[in-house]
Every structure is written in C-alpha cells, then in structure tokens.
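Chain naming here is simple, since letters A, B, ... match the order of the sequence lines and numbering starts at 1 in each.
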Number of protein chains: 2
Amino acid sequence: MVTRGDARREQILYAAMVVFADHGYHRASLAGIAEHVGISQAGLLHHFPTKPRLLTAVLEARDRLDREWLAELDPDGRTGPRLLVNLLRLVDRNRRLGGLVQIYTALAGESVTDDHPARAWFTDRYGRVTASVEAGLLAGADALRPDVDCALLAREVVAVMDGLQLQWLLRPDEVDMVAAFRDYATRLIRSTALDPEPLVALLASAVPVPLPAHAG
Amino acid sequence: MVTRGDARREQILYAAMVVFADHGYHRASLAGIAEHVGISQAGLLHHFPTKPRLLTAVLEARDRLDREWLAELDPDGRTGPRLLVNLLRLVDRNRRLGGLVQIYTALAGESVTDDHPARAWFTDRYGRVTASVEAGLLAGADALRPDVDCALLAREVVAVMDGLQLQWLLRPDEVDMVAAFRDYATRLIRSTALDPEPLVALLASAVPVPLPAHAG
DNA sequence: GTCTATAGGGTGATAGAC
DNA sequence: GTCTATCACCCTATAGAC
C-alpha cells in the first residue's frame with residue numbers, strides 16, 4: 001500500500017528512472033534528477049540519503065513493475081513452449097515502452113564492471129529470471145521433446161531478448177525486435193515442441209499488428 | 001606497419017583496454033590508465049590529446065584484433081550453416097580471453113545512452129557484424145531451407161552471443177557460454193540446414209574439451 | 001520538507017620547465 | 001616525451017536556516 005506521503009518519493013523514482021536510462025548511473029547527477037522533479041539536489045537527498053540507495057530503490061521499483069506485467073501477461077501460469085507466446089508479448093511491450101526499458105540495458109552493461117553498486121542486483125536478477133523461465137519450461141516439459149535441456153534453453157531465451165534489445169536501442173528504426181523474436185520463437189517451437197503447429201499459429205497472431213521491417 | 005616510435009602508444013592502448021574493461025568508460029580515469037603504463041597523466045595526454053580520442057583508438061585497435069581472429073578462424077571463408085562452427089570457436093576464444101572481452105559488454109551497454117562517444121562506433125559495428133554474418137549465411141543459402149530469413153537470423157545469432165556474454169560476465173562460474181551456444185547452434189542447424197547431421201557432428205567436436213556445466 | 005551554502009574529492013585538460 | 005603544477009569544472013554529501 002502506498003501512503004500519500006510517498007508521492008514525492010515516487011516522483012523522484014520516476015525521474016531517476018528516466019535520467020539513469022538516458023545517461024547511465026555514473027554520468028547521471030543527483031542535481032539533474034532533482035531538476036526533473038523541480039526541487040533542489042539537497043531536497044532530493046532528504047528522501048534518498050545517498051546515490052547508491054536511490055539506484056537500489058529504482059531497481060526495486062522496476063522489479064515491482066515487472067512482476068505486475070508478468071502477472072498480467074501470464075494470468076494462467078502458462079508453461080512449456082507456450083511460454084514463448086507470452087515472452088513475445090513482453091518483447092512487444094518493451095518496444096512500446098521505449099526509454100524505460102533502456103535502463104536495463106544501460107545499467108546491466110555498466111554493472112559488469114568490478115564494484116558497480118548494481119552488480120549484485122543484476123547477478124541476482126538474471127538468476128531469478130532464468131530460473132523462472134526454466135521452471136516454466138520444465139513445468140510443460142511433457143509437451144517438449146525429451147532431449148531438450150531446459151536450463152540451457154532458459155539462458156538462451158533470455159540472451160536472445162537482451163541481445164535484440166541492445167541492437168534495437170542502438171538502431172530503433174532498423175531493428176525490428178518483435179519480428180526477430182517471433183522468427184526465433186517459431187523456429188524454437190518447431191524444433192522443441194512435440195506438437196508445434198498450433199503454437200506457431202498462436203505466435204503468428206500473438207502481437208496484433210506485425211510492423212513492417214523498415215517503418216518510418 | 002608499426003614503427004618503433006609507436007611502442008608507447010601501444011602500451012597505452014593496452015592499458016586503456018584493461019581499465020575501460022574494468023571500470024567502463026566514464027569511471028575510468030586517465031590517471032589510472034597512465035599509472036598502469038608507468039607514466040603521468042599529462043604524459044599520456046601527449047600521445048592521445050583527449051579522453052574520447054583515446055577511447056576511439058582503443059575501439060579501433062580491438063577492431064583490428066577482431067579482424068585478425070576472424071581471418072584466422074575462417075581461413076577458407078566458410079559460409080552458410082558452417083559459419084556457426086566458426087562462431088562457436090569464437091565464443092570459446094572469448095571465454096578464454098576473459099576480461100578483454102568485457103570491454104565490449106561494458107562499453108556497449110554504456111553506449112546506448114544519449115551522447116556517448118562510443119555510440120556511433122557501436123551502431124556502426126553492429127551494422128557491420130550482422131551484415132557480415134548475413135552475407136555468410138546468404139553465400140551458403142543453398143544449404144539452407146528456402147524459408148530461412150538470413151537477415152533476421154543474423155541479428156538473432158549476434159544477439160545470442162551478446163546476451164550469453166552478459167550472463168557469463170556476471171556469473172562466470174555458473175554460466176557456460178560454450179555449452180549454451182553449442183546447444184543453440186545445434187538446434188539452429190537442425191531446423192535450418194538441409195543436411196544437418198554432418199554439421200552437428202562437427203559442432204560437437206569443434207571445441208576440444210567441453211567443460212562441465214558447473215566446474216569449480 | 002525544502003532551501004542555500006559549502007566542504008571535500010576527483011576529473012580532464014593546459015602551461016611551461018627539463 | 002615526460003614531468004610538475006595548476007586551472008576550472010562537476011560531483012556527492014553535510015550543515016544549518018527557514
């Protein structure tokens with residue numbers, strides 16, 4: 001539950017999300033974030049005492065958002081190859097959200113450096129995300145060919161989503177992540193599911209309007 | 001050709017590669033790089049007048065290294081699905097190189113932010129890399145099923161390599177990128193090549209000693 | 001809860017001696 | 001080519017008034 005007194009905090013969190021996405025963590029300044037909110041830098045520090053703690057709060061807020069999206073995307077707890085249909089919808093959602101997704105790519109890349117304050121969080125998050133995808137695959141494993149390695153496959157699926165996102169952020173108008181992921185997921189289903197064609201059809205119609213590859 | 005007078009420059013380039021990889025671009029300091037070389041910060045600036053120009057030089061040096069590796073990996077200009085065997089070798093090489101690969105992930109993530117000095121370079125590089133993979137696939141397209149979209153597939157392959165690398169950098173001892181990429185490439189060949197099994201066998205023996213997934 | 005003022009640290013780049 | 005010294009800047013965080 002969110003009390004009324006947290007309104008300013010949420011303003012700051014949102015502004016910090018935007019500024020971290022635009023400049024990364026180390027280049028973002030507290031003064032810049034405070035300016036977005038319309039307060040002074042010292043005023044900001046009243047709500048979040050240090051910069052790393054602001055970052056932590058931002059990442060936790062993103063976590064909550066992610067959980068809401070996943071719950072909304074996957075109300076029936078769909079498993080096995082059908083999971084890919086939900087992930088395709090997630091890719092499409094990320095595309096429409098634009099800059100707010102950038103924070104992951106910008107911070108994840110930055111975080112691989114030695115003692116980055118977000119490193120533990122990302123290490124953790126990848127563990128949870130891949131484990132969750134793996135669990136989804138395992139739960140529907142009876143619809144998959146028996147030689148599928150769900151652990152390796154989970155890492156692969158997450159890797160494809162991240163890698164496409166990086167290419168898309170660098171060239172949004174030339175890279176169609178939805179088309180690329182649909183192509184990937186279709187081939188993946190055909191090579192791992194026991195009864196692929198119904199799922200392939202679902203995938204083809206999962207995201208309402210497939211965009212042309214080079215839309216202006 | 002490299003003249004003897006460039007020795008110091010190369011020392012600096014190497015040190016910069018290491019420090020950028022460890023800390024990213026913005027957190028790396030010229031003084032820190034200079035210390036690795038054993039000279040002063042002002043001494044460094046005699047060879048590279050500004051920090052962005054040092055970064056550019058580092059990226060260009062990595063480019064040259066990459067080209068040498070690719071030439072060595074692919075002496076016969078192998079194309080089509082066989083390209084994947086060479087890429088698996090590249091993944092293995094990256095694993096063994098450790099920190100020197102990190103510079104790509106660290107800088108690529110950082111570069112998606114608005115006006116990062118490496119952004120244009122990465123945008124360019126992804127264009128070249130995906131185009132080169134696509135060209136390789138197209139050149140061997142007669143060994144592929146006719147419905148394969150080489151452009152989308154090229155982006156996908158690059159995405160898998162990048163995404164796995166990020167996961168591996170965050171948890172080097174838990175993520176086996178070679179195994180994951182081999183698994184991916186095997187499935188990909190089976191679902192796209194007209195005569196997959198010889199290539200699958202090649203893939204299975206391509207990297208001498210497959211590591212156990214959770215080696216200590 | 002928000003402000004101004006400032007301490008205290010680090011940075012990229014320049015000037016000029018050797 | 002390399003150094004020391006220094007400038008000018010930006011940053012996080014604190015102190016204390018309102």
Side-chain angles (χ1 to χ4, degrees), chain A residues 2-59 106-107 110-111 113-119, chain B residues 2-59 103 106-107 110-111 113-119 121:
Chain A
V2 176
T3 68
R4 217 170 286 67
D6 289 337
R8 204 13 91 70
R9 274 180 68 95
E10 305 229 337
Q11 276 185 297
I12 294 172
L13 281 178
Y14 183 82
M17 248 161 79
V18 171
V19 176
F20 284 153
D22 280 353
H23 305 293
Y25 173 71
H26 284 109
R27 267 189 59 197
S29 75
L30 296 176
I33 296 167
E35 193 181 3
H36 268 66
V37 182
I39 61 175
S40 72
Q41 179 246 19
L44 186 155
L45 284 173
H46 172 75
H47 299 274
F48 299 93
T50 68
K51 195 183 179 188
R53 294 201 50 169
L54 175 58
L55 174 62
T56 302
V58 164
L59 294 174
L107 292 182
E110 206 179 336
S111 79
T113 58
D114 47 8
D115 55 348
H116 194 285
R119 175 161 188 157
Chain B
V2 175
T3 68
R4 216 168 290 67
D6 289 337
R8 204 13 89 71
R9 275 180 67 95
E10 305 229 339
Q11 275 186 296
I12 294 172
L13 282 178
Y14 183 81
M17 248 160 80
V18 171
V19 176
F20 284 153
D22 280 353
H23 305 294
Y25 173 71
H26 284 108
R27 267 188 63 199
S29 74
L30 295 176
I33 297 168
E35 193 182 2
H36 268 66
V37 183
I39 60 174
S40 71
Q41 180 245 20
L44 187 156
L45 284 173
H46 173 75
H47 298 275
F48 299 93
T50 69
K51 196 183 179 189
R53 295 202 50 170
L54 174 58
L55 174 62
T56 302
V58 164
L59 294 174
I103 192 171
L107 292 182
E110 206 179 336
S111 79
T113 59
D114 47 6
D115 54 349
H116 195 285
R119 174 159 189 160
W121 187 86

Taking all non-hydrogen atoms of both residues, which atom of A:Gly24 and which atom of B:Thr113 are closest, and how far apart? N-CG2, 3.3 Å
D:dT2 OP1/OP2 closer than 4.0 Å to side-chain N/O of B:His47: yes
Under 4.0 Å between a side-chain N or O of B:His46 and OP1 or OP2 of D:dG1? yes
Atom pair distance, as rounded to whole Å: CZ in B:Arg27 and P in D:dT12: 13 Å
Gap between atoms CG and P, on A:Leu44 and D:dT14 respectively (whole Å): 13 Å
Expressed in angstrom and rounded to an integer, what is the separation of A:Gln41 atom CD from C:dT6 atom P? 15 Å
To the nearest Å, how far apart are B:Glu35 CD and C:dG10 P? 13 Å
Can you identify which nucleotide, out of C:dT11, D:dC11, C:dA13, has its nearest atom closest to the B:Ser29 side chain? C:dT11
May I ask you to say what B:Leu45 touches in the nucleic acid, namely base, sugar-phosphate or nothing, with a heavy-atom cut-off under 4.0 Å? base
What are the two closest heavy atoms between B:Tyr25 and B:Glu110, and how far apart are they? N-OE1, 2.9 Å
Among D:dA13, C:dT2, C:dA13, which nucleotide has an atom closest to any side-chain atom of B:Thr50? C:dA13
Between D:dA13, C:dG12, C:dG1, which nucleotide has the shortest distance from any of its atoms to the side chain of A:Lys51? D:dA13
Between P on D:dT2 and CD1 on B:Ile39, what's the gap in Å once rounded to a whole number? 6 Å
Between D:dA13, C:dT2, C:dA13, spot the one nearest the side chain of B:Pro52, thanks. C:dA13
Atom CD of B:Glu10 and atom P of D:dG1: how far apart are they, to the nearest Å? 14 Å
Measure from CZ on B:Arg8 to C1' on D:dG1 and round the result to the nearest Å. 9 Å
Taking the side chain of A:Ala42 as its heavy atoms from C-beta onward, which of D:dT12, C:dA13, D:dA15 lies nearest to it? D:dA15
Hey, does B:Ala34 reach any base, or is it just sugar-phosphate, or nothing, if we go heavy atoms under 4.0 Å? nothing
Could you pull out the closest heavy-atom pair between B:Ala34 and B:Leu44, with the gap in Å? N-CD1, 3.7 Å
Nearest heavy atoms of B:Leu55 and B:His116, plus distance in Å: CD2-CE1, 4.2 Å
For A:Ser40, report the nucleic acid contact type (base, sugar-phosphate, nothing); a contact means any heavy atom under 4.0 Å. base
Taking all non-hydrogen atoms of both residues, which atom of B:Ile103 and which atom of B:Met17 are closest, and how far apart? CD1-O, 3.8 Å
What integer distance in Å separates A:His23:NE2 from D:dC10:P? 14 Å
